[in-house]
Number of protein chains: 2
Amino acid sequence: MSQTLTHPDIESPKRQAILQAAGALFMAQGYGAVSMDAIARAGGVSKATLYAHFQSKDALFANIVGTGCRQSIQTSDFLPDAVTDVEAALTGLGQRMLRFLLAERTLAIHRIVIAESVRFPELGRAFYDNGPGMFRRVFAAWLVRQQQAGRLAVPDPDLAADQFVGMLRGAGVFTRATLGLAPGPTEAEINATVEGAVRTFLRAFAVRA
Amino acid sequence: MSQTLTHPDIESPKRQAILQAAGALFMAQGYGAVSMDAIARAGGVSKATLYAHFQSKDALFANIVGTGCRQSIQTSDFLPDAVTDVEAALTGLGQRMLRFLLAERTLAIHRIVIAESVRFPELGRAFYDNGPGMFRRVFAAWLVRQQQAGRLAVPDPDLAADQFVGMLRGAGVFTRATLGLAPGPTEAEINATVEGAVRTFLRAFAVRA
DNA sequence: GTCTATAGAAGGATAGAC
DNA sequence: GTCTATCCTTCTATAGAC
């Protein structure tokens with residue numbers, strides 16, 4: 001109703017500065033630990049300007065995290081394009097997937113969604129639908145195509161997709177990264193995790209010679 | 001130094017009331033959303049009494065979560081006792097493990113540790129060492145014994161343990177429960193997840209006939 | 001739209017009586 | 001140890017000038 005009155009230019013440099021500053025702060029410290037004062041200071045604007053662009057702290061937070069969830073998953077990036085070799089395709093998929101999951105930005109969004117989904121229930125839903133849920137749909141469909149091509153035998157594609165992602169996240173390198181434990185994951189650990197997941201997956205689902 | 005001065009009776013009913021009230025509130029709402037006022041009110045004590053037993057909000061929080069982490073994992077509960085049948089043992093282990101992971105109390109501790117481990121780094125370490133890390137050690141050792149008995153072929157027991165737990169948590173039922181998404185997991189989903197994890201695990205690591 | 005200044009509420013922690 | 005009452009800080013949000 002008052003949308004035409006406030007009508008903040010979506011390209012406004014101040015607005016962009018606010019979003020960037022708020023995003024960095026929220027990701028690093030969570031919802032409760034960040035004050036509007038701190039956001040205004042980091043963004044180089046006054047608090048009044050901040051409230052001219054966003055109705056409340058909640059609204060600003062929802063904007064940040066919603067955008068983060070939507071931008072985070074580019075499913076096409078993960079889908080193996082050339083499908084001549086299933087093992088190579090799965091390995092490439094696993095590498096991109098695990099490295100994406102371990103990126104500091106992804107970890108931050110993951111942490112914050114888990115933390116705040118109790119207070120903002122729509123947050124958990126948006127994250128799942130745009131993240132894990134969407135990936136599972138696309139990956140399961142890919143598994144079905146491989147099965148039709150005679151390269152895999154996957155009785156339950158949804159379950160198999162969950163298992164593959166589950167083995168990547170495992171209880172090892174990803175769990176420690178989520179908890180912020182030092183030292184961070186090494187290249188060797190990442191490669192071993194991916195190779196192990198592919199090996200186990202293929203032993204279970206490859207078509208026997 | 002002032003330990004003998006304050007010397008709060010560890011069995012004090014007021015102290016117990018505080019711990020119980022604070023635990024419920026922290027688990028349900030997280031660190032930032034809970035005030036000392038609310039804890040005092042819920043515990044039926046005054047704020048001064050609260051501060052007589054705990055030096056600060058941080059200290060009270062650390063006590064709650066530390067205790068929760070330590071009590072949460074009774075590794076012996078998860079270890080298959082009779083080992084005549086590996087598949088049955090793994091299925092029993094998986095059932096107990098997944099149901100434990102899905103318990104509301106476990107989910108609450110898991111959420112809160114992830115949320116606050118950025119601000120309280122020692123929290124993530126304590127949780128991992130007493131939870132996933134300890135379980136992995138014990139489970140990997142069990143896998144080695146099964147291998148020595150000729151029932152399994154597990155080249156990397158740590159990786160295999162991570163994979164089994166990873167498939168249980170998967171990207172499905174546990175992920176949705178962590179995000180608080182309705183509806184909750186059904187019996188059928190839980191059973192399918194466990195059976196699927198055991199089947200995939202055995203296809204990868206069972207000794208071929 | 002943007003600022004300075006401030007209102008109004010809530011939280012963490014303490015003083016002092018008992 | 002426990003209470004009541006309160007201090008000080010910090011927070012969200014707004015009023016009013018430009």
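Reminder, nothing fancy here: chain letters follow the sequence lines and each chain counts from 1.
Nucleotide C/dT14 holds its P atom 14 Å from the CG atom of B/D37, rounded to whole Å. Whole-Å rounding puts the A/M36 CE to D/dT14 C1' distance at 12 Å. Per the geometry, CG belonging to A/L50 stands 17 Å off C1' belonging to D/dA15, to the nearest Å. The separation between B/F61 atom CZ and C/dG12 atom C1' is 16 Å, rounded to whole Å. Straight-line distance from the NZ atom of B/K47 to the C1' atom of C/dA15: 13 Å, rounded to whole Å. One interatomic measurement links the two molecules: CD1 of B/I39 to P of C/dG12, which rounds to 8 Å at whole-angstrom precision. At whole-Å resolution of the value, OH in B/Y51 and P in D/dT4 are 17 Å apart. To the nearest angstrom, P of D/dC11 lies 8 Å from NZ of A/K57.
Interface remark: the A/K14 side chain does not form any donor-acceptor pair with the C/dT2 base, using a distance-only criterion of under 3.5 Å.
Counting heavy atoms from C-beta outward, A/Q147 and A/F205 have side chains that stay 4.5 Å or more apart. B/M134 places none of its side-chain heavy atoms less than 4.5 Å from the side chain of B/D129.
For the pair B/K57 and B/Y31, the cation sits on the ring face: its NZ or CZ lies under 6.0 Å from the ring centre, inside 45° of the axis.
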Test side chain to side chain donor-acceptor pair (under 3.5 Å) applied to B/T175 and B/T178, step by step: CA-CA 5 Å; B/T175 299; B/T178 300; over 6 Å; no

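Proximity note for B/H53 (side chain, C-beta onward) versus C/dT2, D/dT2, D/dC11: the nearest is D/dT2.
Residue contacts shown for B/S46 include a base, since a base heavy atom lies under 4.0 Å away.
Projected onto DNA chain D by closest heavy-atom contact, B/A48 and A/A48 fall at different nucleotides, the more 5' of which corresponds to B/A48.
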